[in-house]
Amino acid sequence: MDNENLDKAIELVENANNLAILTGAGISAESGIPTFRDEGGLWKEHRPEDIATPEAFAKDPQFVWEWYDLRRQTIIEAEPNPGHFALVELENKKEGFTLITQNIDGLHKKAGNKSMIEMHGNIWQMRCTKCGHIYHDYEVPLKQIPPSCEKCGEMTRPNVVWFGEIIPMSAIDACVVAIDKCDVMLIIGTSGVVEPAASMGLMAMRSGKKVIEINLDATPGTGMYDISLRGKSGEILPEFYKHTTEYN
Ligand code: BV8
Ligand code: ZN
């Protein structure tokens, strides 16, 4: 671990009044949830465009739902890890705090974070393809695939944002506000490939915010951001809140 950079990052976070956080699949890796693009990642057997797209769902809803049902079976067993809990501590200690996550696993909520933007949706929410009704369903494994809407009985889909679908404007607006208001942005556990999340760090840099990346591997943003810490978020993030004093 590059301790000089870590100390600088800790000081920036400690002196920040308002934090914006962006997380990706990497923060849940230590909870046992496979990432998307790492070895053995979720996409290894399939490519994103083969499953997480409206076209794939229209072509074979059964196949797409079986993949989500498998992921639900993994996620239901997963517990938040020290990286998730560190973000809860930071939220409790900071005047302003917004957590933007690309993850659909719900682990930030399970850990106790309150102010959250699940920009790609949530794997536990069903959305009816007919009446649009959205509701939570935690059944694992799913008895019926594809599941039927609890209201009208028609086929549901996972209430997530697929490739080629737009992120709800309300979520985008909330992300822009969070980045505009923050002093420091932490980008954690994301390969920085998927837009529009991948451009958020640059957006923050352009408006003069300090950006700290915490990631196992280098990403397209590494070298551009103010500080890049290489390592596991479950090991690095707890270092941040241990130093925040009470009145922060
Ligand atoms: C949009 C929900 C406007 C579903 C996801 C061509 C046609 C259509 C669209 C496009 C196109 N070209 C580009 C686009 C835009 C597209 C896009 O970005 N494509 C990419 C692949 C080039 N984006 C979209 O379509 C978005 N919508 O742009 O609308 C539009 C509309 C039409 C046409 C054009 C534009 C919607 C994107 C949302 C897709 N949905 N998820 C589901 O999850 O099933 S994305 C999916 O990838 C997940 O949400 C995931 O979070 C996200 C990003 O991946 P990461 O989180 O970064 O995960 P990854 O495995 O990649 O990286 C993990 C990192 O963690 C690694 O770097 C690793 O080193 C690190 N790590 C591992 N362990 C640890 C760790 N770090 C720290 N600690 C550890 N222990
Ligand atoms: Zn319905």
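Ligands are counted one by one from 1 in listed order, and the atoms in each one are counted from 1 as well. For the numbers below, each heavy atom of this structure counts, side chains included, while hydrogens, waters and symmetry mates do not.
No side-chain donor-acceptor contact under 3.5 Å links Ser228 to the backbone of Thr222.
Residue contacts with ligand 1, taken as heavy atom pairs separated by less than 4.0 Å, involve Glu195 via backbone and side-chain atoms alike. Only backbone heavy atoms of Glu165 (N, CA, C or O) come within less than 4.0 Å of ligand 1; its side chain stays farther off.
Considering backbone and side-chain N/O atoms, Trp67 never comes within less than 3.5 Å of an N/O atom of ligand 1. On a distance-only criterion, Gln102 and ligand 1 share at least one N/O pair closer than 3.5 Å. In terms of N/O distances under 3.5 Å, ligand 1 is not approached by Gly234. Residue Pro196 has no N or O atom closer than 3.5 Å to an N or O atom of ligand 1. Distances between N or O atoms of Gly164 and those of ligand 1 include at least one value under 3.5 Å. The N/O atoms of Ile167, backbone and side chain alike, include none that comes under 3.5 Å of an N/O atom in ligand 1.
In this structure, the side chain to side chain donor-acceptor pair (under 3.5 Å) partners of Asn122, at least two apart in sequence or on a different chain, are Glu118.
Residue Ala25 approaches ligand 1 through these ligand atoms, each under 4.0 Å from one of its heavy atoms: 55 (P), 56 (O), 58 (O). Close approach of ligand 1 to Gly24 (heavy-atom distance below 4.0 Å) involves ligand atoms 56 (O).
Glu66 and Gln62 share a donor-acceptor pair across their side chains, judged by distance under 3.5 Å alone. In summary, the side chains of Gln125 and Asn159 do present a donor paired with an acceptor at a separation below 3.5 Å, with no hydrogens or angles considered.
Among all heavy-atom pairs drawn from Ile27 and Ile188, the shortest one is CD1-CG2, 4.1 Å.
Protein nitrogen, oxygen and sulfur atoms, that is N, O or S, within less than 2.8 Å of the Zn ion (ligand 2) amount to 4.
Residue contact check for ligand 1: Gly231 places a non-hydrogen atom closer than 4.0 Å to it.
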